Each structure stands twice: as C-alpha cells, then as structure tokens.
Protein chains: 2
Amino acid sequence: MFATPSKRSGKAGRYHHGELRAALVDATIKLIAEHGVRGFSLAEASRRVGVTVAAPYRHFADRDELLAAVAVRALEVFVAMVAGDTTDTDPPAQRLAAMTRAYVRFAAEQRPLFETVFHAGLDKSRYPDLKRAYEPVDALFLSAVNEICEGDAAAADALAAVLEANAHGHAALLLDGEYGEGSDAVRAAADQAARASQALIDGRNALHG
Amino acid sequence: MFATPSKRSGKAGRYHHGELRAALVDATIKLIAEHGVRGFSLAEASRRVGVTVAAPYRHFADRDELLAAVAVRALEVFVAMVAGDTTDTDPPAQRLAAMTRAYVRFAAEQRPLFETVFHAGLDKSRYPDLKRAYEPVDALFLSAVNEICEGDAAAADALAAVLEANAHGHAALLLDGEYGEGSDAVRAAADQAARASQALIDGRNALHG
DNA sequence: GTCTATACCCGGATAGAC
DNA sequence: GTCTATCCGGGTATAGAC
C-alpha cells in the first residue's frame with residue numbers, strides 16, 4: 001500500500017532478531033496493562049514488537065500459549081515479591097503478615113500480571129508450568145506456618161490455606177474497587193489483610209473440623 | 001438465503017414479543033455458563049433468543065449495559081442465597097459461618113453469575129445500580145457482626161470486612177481450581193471458609209491497628 | 001525466522017424499511 | 001419493536017516465498 005514499507009515502521013519497531021519470544025512477552029505485559037487481559041490480542045502484540053502477525057507462531061502454538069508464558073513470568077515476580085519482604089530471623093507471625101501484605105501489594109502494583117495469572121482463564125492442565133510456578137507460594141506460607149504449628153502437619157496445612165485465601169480475598173476485592181482507588185486503598189487493604197492474618201493465627205484452634 | 005426464513009428459525013427461537021429484555025438476560029446467563037464471561041457476545045445472545053443483532057439496541061445502549069443487567073440479577077440471587085441459609089435465632093457466629101458457606105457455594109453453583117459480578121470488568125461508576133445491588137451483602141455481614149462487637153462500630157466494620165474478604169478469597173481460589181474440581185472441592189472450600197470465619201471471630205482482637 | 005498475502009470468521013453498531 | 005442490509009473493524013491462523 002505504501003512505498004517501501006519498512007520492517008521497522010511504527011513507534012515501537014526496535015526489535016531485530018533472535019529474541020522475539022521474550023519481546024512478545026514484554027509487549028504482552030504492557031498491552032495487558034493498558035487494555036486488560038480481555039483486550040489483549042496476539043495481533044496487536046506483534047505490531048508493537050514490529051513483526052507481522054505470522055511471526056509469533058514460530059514461538060507459540062497459539063495465543064493462549066503466549067498468555068501462559070506471561071503468567072509464568074508473572075508468578076516468578078509474584079514469588080520474589082512475597083519472599084523478598086521477609087527475613088528469616090523474624091518471628092513467623094510477622095513474616096506471614098509481611099507475606100500477606102506483599103501478596104496484596106503485588107495485586108495492586110502488578111495488576112496486569114495478577115490478572116493474567118488469576119483471570120486469564122488459562123487451562124492449567126494444559127500448562128503444567130503454571131502449576132509448578134505457583135508451588136513456591138504455597139511453600140513459603142507453609143514454611144512459616146510450620147514454625148507455628150510445630151509437628152502438626154494437618155494443622156499447618158489448614159492454617160496456610162486460610163492465610164492464602166485471606167490474602168487472595170483482600171487482593172481480589174481491592175482490585176474490584178471495594179476499598180476505593182489509589183495508594184490509600186492499597187495501604188488500607190494490605191494493613192487489614194495483615195491484621196486478619198494475625199487474627200487467623202490467634203484463632204487457629206477453630207480451624208480443626 | 002433460505003426460503004421463508006421464519007422469525008422462529010433456530011432451535012431456541014421461542015421468543016415472541018414484549019419480553020426481549022428479560023429473554024436476553026436469560027440467554028446471556030446461559031451463554032456465560034457455556035463460554036465464560038469472555039466468550040459472551042451480544043450477537044450470539046440475539047441468535048439464541050431468535051432475534052436479529054439489531055433488536056437488543058432498543059433495550060440496551062450497548063453490550064456492557066446488558067452485562068450490567070445480568071450482574072444486577074446475579075447480585076439479587078447472591079443476596080438471597082447468603083441471607084437465606086440463616087435464621088435470626090441462631091447465634092451470630094453460626095450465622096456468619098452459614099453466610100460464608102453460602103458465599104462460597106454461590107460462586108461454585110452459580111459460577112457464571114459470580115463471574116459476571118466480579119470478573120466482567122464493568123465500570124461501576126457507570127452503573128450505580130451495581131453498587132446498590134451489592135450493599136445488602138455488606139449489610140448482612142454487618143448485622144450479624146454487630147451482635148458480636150456490641151457498641152464498637154469500628155471493630156464491627158473491621159471484622160465484617162475481613163469476614164467478607166475471607167469468604168471471597170475462598171470462593172475465588174475455588175473457582176481457580178486450587179481446591180480441585182467437583183462437589184468435594186466445593187464442600188471442602190466452604191467448610192474451610194466457615195471454620196476460618198470462626199477463627200477470625202475468635203482472633204478479632206488482632207484486628208485493631 | 002520472518003515476511004507477504006490471504007482466507008476465514010466474528011463482533012459492534014447503525015440506517016432505514018415495515 | 002423488530003427486521004433487512006450493511007459498514008466497519010478486528011482477530012486467528014495458514015501457505016508459500018525468501
């Protein structure tokens with residue numbers, strides 16, 4: 001249509017060769033940040049990177065496979081954030097509160113990543129990498145909880161599960177706007193979630209059914 | 001294309017006149033049940049009902065307005081379910097456990113409705129009906145919690161908020177497959193959420209920040 | 001490993017007839 | 001209040017050239 005259509009046409013056409021896979025993952029993250037998971041399309045990601053819509057199919061079987069790759073990277077960031085805020089010397093309850101806070105903050109500060117993991121509707125049985133990438137989260141909670149429920153593995157499992165559900169619930173409702181918008185809302189939700197984690201620890205005797 | 005294309009062509013073409021709005025809401029719910037919120041389209045809903053794609057625009061300004069109508073109906077069912085499982089004579093902690101259970105069961109048994117409310121990405125400022133339709137949920141939790149935190153309104157607000165987040169977290173993780181699939185998973189998630197609500201009540205002293 | 005080109009299907013939305 | 005017809009845009013995916 002146009003004369004000499006450069007392969008670098010478009011503002012973001014800085015991609016050259018050899019890293020298309022990674023470049024697509026990056027572009028997808030930005031795309032989801034702007035238009036949400038629903039608004040993502042393989043076609044637009046291709047345009048952003050500066051390749052044609054056919055190129056991605058050398059690296060991903062289909063659209064969902066790219067989304068799954070994004071979700072795996074998202075979980076790496078998630079795990080780093082949940083793990084990073086704590087030091088092993090802190091008492092376990094304090095570490096769990098910090099992890100809960102980090103969980104909620106991740107949802108707010110990395111909303112596109114959070115949504116890709118939890119709202120993209122990816123078939124987990126099709127992407128076992130996804131399940132594996134989530135396991136460290138369980139492990140982190142369990143490790144701290146085990147110091148509280150010494151010896152009682154069943155009690156530890158139960159407590160860890162409700163602590164994760166507590167963090168997740170606060171994160172989800174925060175993104176849904178239940179706590180308002182802005183950084184005040186994030187702080188409020190994170191604080192409340194952290195306090196709730198302490199309440200769950202204190203009241204953990206009620207978890208035995 | 002075909003001779004005498006009846007206005008009732010198609011398997012589901014039982015719609016006649018005068019209730020297109022309601023018929024579209026019904027069809028949308030079924031559609032979301034089959035293809036998820038993401039897979040919904042106004043066009044297919046129209047086909048199901050047996051009208052052309054133009055007809056809905058007499059009743060809804062656009063696609064999102066139909067989704068919002070579905071969400072409002074969903075919240076009515078939600079409220080009925082959360083309220084319905086309790087009797088006022090039960091002690092408040094028991095009612096809160098039942099409400100929590102109902103919250104989780106609603107997510108599982110009415111998954112399309114739950115997803116429409118929480119995952120459709122509707123702009124709540126554009127649909128004030130949505131916010132209003134959710135208020136009874138808060139009111140139900142608060143009413144039971146007030147019997148526990150007699151007099152202390154701030155404590156009641158905090159406890160109600162974490163109880164709702166607890167229920168929501170379990171519901172969301174259940175739909176995400178964290179508790180497995182099937183009715184066993186639903187029961188497990190609901191039981192765990194109910195026990196966690198008791199733990200939160202027992203440990204509520206930690207909620208004061 | 002990427003491009004060109006294309007086939008194919010779908011959705012949202014509107015104008016104008018009835 | 002619904003239909004017919006249509007415009008317009010967009011996405012997925014593939015074949016074949018380079």
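Bear in mind the structure is a predicted one, so any value in this text is a computation, not a measurement. Letters A, B, ... mirror the listed sequences (proteins, then strands); counts begin at 1.
Between A/Lys131 and B/Glu178 there is no salt bridge, since no side-chain N of the basic residue sits under 4.0 Å from a carboxylate O of the acidic one. A salt bridge links A/Glu44 with A/Arg48; the closest basic N to acidic carboxylate O contact falls under 4.0 Å.
Rounded to whole Å, the distance from NE2 on A/His59 to P on C/dG1 is 6 Å. D/dT2 atom P lies 9 Å from atom CG of B/Leu24, rounded to whole Å. Atom C1' of nucleotide C/dG11 and atom CG of B/Leu66 are separated by 14 Å, given to the nearest angstrom. Per the geometry, CZ belonging to A/Arg48 stands 11 Å off P belonging to D/dG11, to the nearest Å. When rounded to the nearest whole Å, the span between CZ of B/Phe60 and P of C/dG12 equals 14 Å. Between the CG atom of A/Leu67 and the P atom of D/dG11 there is a distance of 14 Å, rounded to whole Å.
Side-chain N/O atoms of A/Arg47 include none lying less than 4.0 angstrom from OP1 or OP2 on D/dG10.
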Between protein and nucleotides 12-17 of chain D, what N or O pairs are separated by less than 3.5 Å?
from	atom 1	to	atom 2	distance (Å)
D/dT12	OP1	A/Leu42	N	3.4
D/dT12	OP1	A/Arg63	NH1	3.4
D/dT12	OP2	A/Leu42	N	3.2
D/dT12	OP2	A/Ala43	N	3.1
D/dA13	OP2	A/Tyr57	OH	3.1

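No side-chain N or O of A/Glu164 forms a donor-acceptor pair with one of A/Tyr103 less than 3.5 Å apart.
For the pair B/Arg111 (side chain) and B/Leu175 (backbone), a donor-acceptor distance under 3.5 Å is present.
Using cut-offs of 30° and 60° for the angle between ring planes, the B/Tyr179 and B/His170 rings count as parallel.
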* Would you check, one step at a time, whether the test salt bridge (charged side-chain N to carboxylate O under 4.0 Å, His left out) holds for B/Glu115 with B/Arg38? => CA-CA 10 Å; B/Glu115 288 182 341; B/Arg38 303 154 62 202; over 6 Å; no

